[in-house]
Protein chains: 2
Amino acid sequence: MNAAPCPTPAVAADVAVFTVLDDALQVLLVRVRRGAFAGRFALPGGRVRTDESLDAAAARLLAERTGLRDVYLEQLYTFGHPERDPHGRVVSVAYVALIPHGGRFRTADGDGGAGFADVHWRPVAALPPLAYDHETVVATALARIRAKLGYTNLVYTLLPPAFTLGELQAMYEAVLGRRLDRRNFRKKMLALGLLRPLGRQRRGAHRPAALYGFRHRRPMVVEIL
Amino acid sequence: MNAAPCPTPAVAADVAVFTVLDDALQVLLVRVRRGAFAGRFALPGGRVRTDESLDAAAARLLAERTGLRDVYLEQLYTFGHPERDPHGRVVSVAYVALIPHGGRFRTADGDGGAGFADVHWRPVAALPPLAYDHETVVATALARIRAKLGYTNLVYTLLPPAFTLGELQAMYEAVLGRRLDRRNFRKKMLALGLLRPLGRQRRGAHRPAALYGFRHRRPMVVEIL
DNA sequence: TCAAAAGTGTTGGCATTACACCCATGA
DNA sequence: TCATGGGTGTAATGCCAACACTTTTGA
């Protein structure tokens, strides 16, 4: 257990951040600047410091690369194939993050905000080639969140404080990739008692819809689907 | 990405091996020989080499410490709290292993075999104090396998090639920690079609029981309970 | 008036649960 | 003969999936 001269893999953390945007599940990518994968997209990440926990490293790296803070973060899996990084042996602890798309955050493309450079949303259904083994990481993350939406209340991480049942249903449909029956969905959701009617309405192009919020904004396991 | 002079955590792998023995779920522990935790029990594990994958490291370390080979192994979670090891910063990738208790393997206590020294089965319901954060690791592993037995066919890893429905049910009861209705259990299991009747019987102290085997001995997701 | 989303109940099938008795064997 | 585990069927219940029409609004 002495601090031997270095024959240990480097430790990194990478974060797959998802949101639902334009009715599609999207993942946040950054452009790689240097090295063998320069120009490609990758998940935001970097080295873990020796004095910080893995969770703290993931949160710090995400904030440094994208400005995102206080998001839902959960450890996903650790990828450690010896050849996953051509620059040297790096073991990467991957995290999943989920955020609502509430304009609290602007990317480099499209909405032309004061965002971080070279940070982009890309729909998971049409991913560009990614650096390292990050395509595997995204696939693993997708499987995790699809499964977990089914037995937890994690949708709350994707939604703003007030939303309509239609928007809630659209979240599930975007993440799961299939349509749901509206009547059964509303019945089930309201029966679960996770929602609180806000007594307000959203007016839009059509008939106004009642607004709801979550009673509890913390992870719980509940049979949803 | 240059091989900087060492300011990276060390990387280890630890394995929580479970079996059902005496109708109780048990975990395999080794005695720590040196250092701050000398004398305590810990999970078998050790450093990951720079040229092996994490899965390979877990399998190698398990074989070195306990002689176990070709067991079901799956990555559990990565523990990286800065103070989890008083000797220095070590990030540990934890694995879960499941094995049948078929006498293919002798521990130091009890069955006085030609086993590895200081390797012991201990029931998870009455664990001794463990070194490092290994109590957390065992708790996390327990939650994982309890959940996973419910939606996969992973029991097969705990059973020998031939077994009775009573033994199968006893496995579930030991792992889940609750009793199941025998008739419903048999009905469900036989209906799932995962089992193959072997046409043989086990004779014991009482009425002979039909022997079954698994049709497929590989992980599959199937709604079991 | 039209298009588009919101809102609302009932029914049939399926799966799960609860439950009691006889059987075959070794001791 | 007795104790022990093996083996079997049915009835009630609850859950889920399928399904169509009316309402409200803005354009």
Side-chain angles (χ1 to χ4, degrees), chain A residues 20 22-24 146-147 149-153 155 159-160 162-174 176-213 221-225, chain B residues 20-24 147 149-153 155 159-160 162-174 176-213 221-225:
Chain A
V20 172
D22 301 331
D23 286 328
R146 286 198 171 123
L149 277 204
Y151 64 92
T152 65
N153 66 340
V155 237
L159 285 160
F163 52 88
T164 67
L165 283 176
E167 291 164 347
L168 179 61
Q169 182 174 346
M171 286 294 143
Y172 277 102
E173 292 180 339
L176 301 178
R178 62 189 161 95
R179 307 299 305 269
L180 302 171
D181 179 88
R182 186 155 40 100
R183 279 168 294 189
N184 294 334
F185 180 82
R186 299 169 70 90
K187 210 185 315 168
K188 187 71 180 287
M189 274 299 155
L190 293 175
L192 281 172
L194 302 173
L195 303 180
R196 182 182 32 167
L198 300 183
R200 291 180 284 135
Q201 290 195 326
R202 163 155 311 159
R203 309 185 65 80
H206 304 295
R207 174 172 174 176
L211 285 171
Y212 292 85
V221 333
V222 182
E223 208 55 51
I224 304 267
L225 312 178
Chain B
V20 173
L21 171 57
D22 302 333
D23 287 328
L149 278 201
Y151 65 92
T152 65
N153 65 342
V155 236
L159 285 160
F163 52 88
T164 67
L165 282 177
E167 292 166 344
L168 178 61
Q169 183 175 345
M171 285 296 143
Y172 278 101
E173 292 180 340
L176 301 179
R178 61 189 161 97
R179 307 301 304 270
L180 303 171
D181 179 87
R182 186 155 41 99
R183 280 167 295 189
N184 295 335
F185 180 82
R186 300 169 70 88
K187 210 185 317 167
K188 186 72 180 285
M189 275 298 154
L190 294 174
L192 281 173
L194 302 174
L195 303 181
R196 182 181 34 165
L198 299 182
R200 291 180 285 135
Q201 291 195 326
R202 162 157 308 159
R203 309 186 65 80
H206 303 296
R207 174 172 175 178
L211 285 172
Y212 292 84
V221 334
V222 182
E223 208 54 51
I224 303 267
L225 311 177

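Chain letters run A, B, ... following the sequence lines, proteins first, then strands; residues in each count from 1.
For B:Arg183 against C:dA20, a side-chain N or O and a base N or O form a donor-acceptor pair under 3.5 Å. Between the side chain of B:Arg186 and the base of D:dG6, no donor-acceptor pair of N or O atoms lies under 3.5 Å. The base of C:dT10 lies close enough to the side chain of A:Lys187 for a donor and an acceptor atom to sit less than 3.5 Å apart. Not a single donor-acceptor pair, N or O on each side, falls under 3.5 Å between the base of C:dA24 and the side chain of B:Arg207.
Between A:Leu168 atom CG and C:dA5 atom P there is a gap of 17 Å when expressed in whole angstrom units. Atoms CD (B:Glu167) and P (D:dG5) sit 12 Å apart, rounded to a whole Å. Taking atom OH of residue A:Tyr212 and atom C1' of nucleotide C:dA6, one finds them 10 Å apart after rounding to whole Å. As a whole-Å value, the separation of A:Arg179 CZ from D:dA18 C1' is 16 Å. Rounded to an integer number of Å, the gap from CG of A:Asn184 to P of C:dT11 is 15 Å. Atom CZ in A:Arg178 sits about 12 Å away from atom C1' in D:dA17, given to the nearest Å. A straight line from CD of A:Gln201 to P of D:dT23 spans 17 Å, rounded to a whole angstrom. Taking atom CG of B:Asp181 as the reference point, atom P of C:dA20 lies 11 Å away to the nearest angstrom.
B:Ala162 and B:Arg200 get closest at one heavy-atom pair: CB-NH2, 4.0 Å.
Across the interface with DNA chain C, nearest-nucleotide mapping of A:Arg182 and B:Glu223 shows A:Arg182 to be the residue nearer the 5′ end. Positionally, the nearest nucleotide of DNA chain C for A:Ala205 lies more toward the 5' end than for the other of A:Ala205 and A:Gly166.
The closest side-chain heavy-atom distance from A:Tyr172 to A:Leu180 is below 4.5 Å. Put simply, the side chain of A:Leu195 reaches to within 4.5 Å of the side chain of A:Phe163, judged on heavy atoms.
If you check every strand for non-hydrogen atoms under 4.0 Å, B:Lys188 touches sugar and phosphate atoms only. Contact annotation for A:Arg203: backbone-only contact, meaning every heavy-atom pair under 4.0 Å involves sugar-phosphate atoms and none involves a base.
Exactly one residue among A:Leu168, A:Leu165, A:Asp181 makes a side chain to side chain contact (heavy atoms under 4.5 Å, CB included) with A:Arg186. That residue is A:Leu165.
Closest approach to the A:His206 side chain among C:dA3, D:dT10, C:dC23 is made by C:dA3 (side chain taken as heavy atoms from C-beta onward).
Formation of a donor-acceptor pair under 3.5 Å by the B:Glu167 side chain with backbone atoms of B:Thr164 is found in this model.
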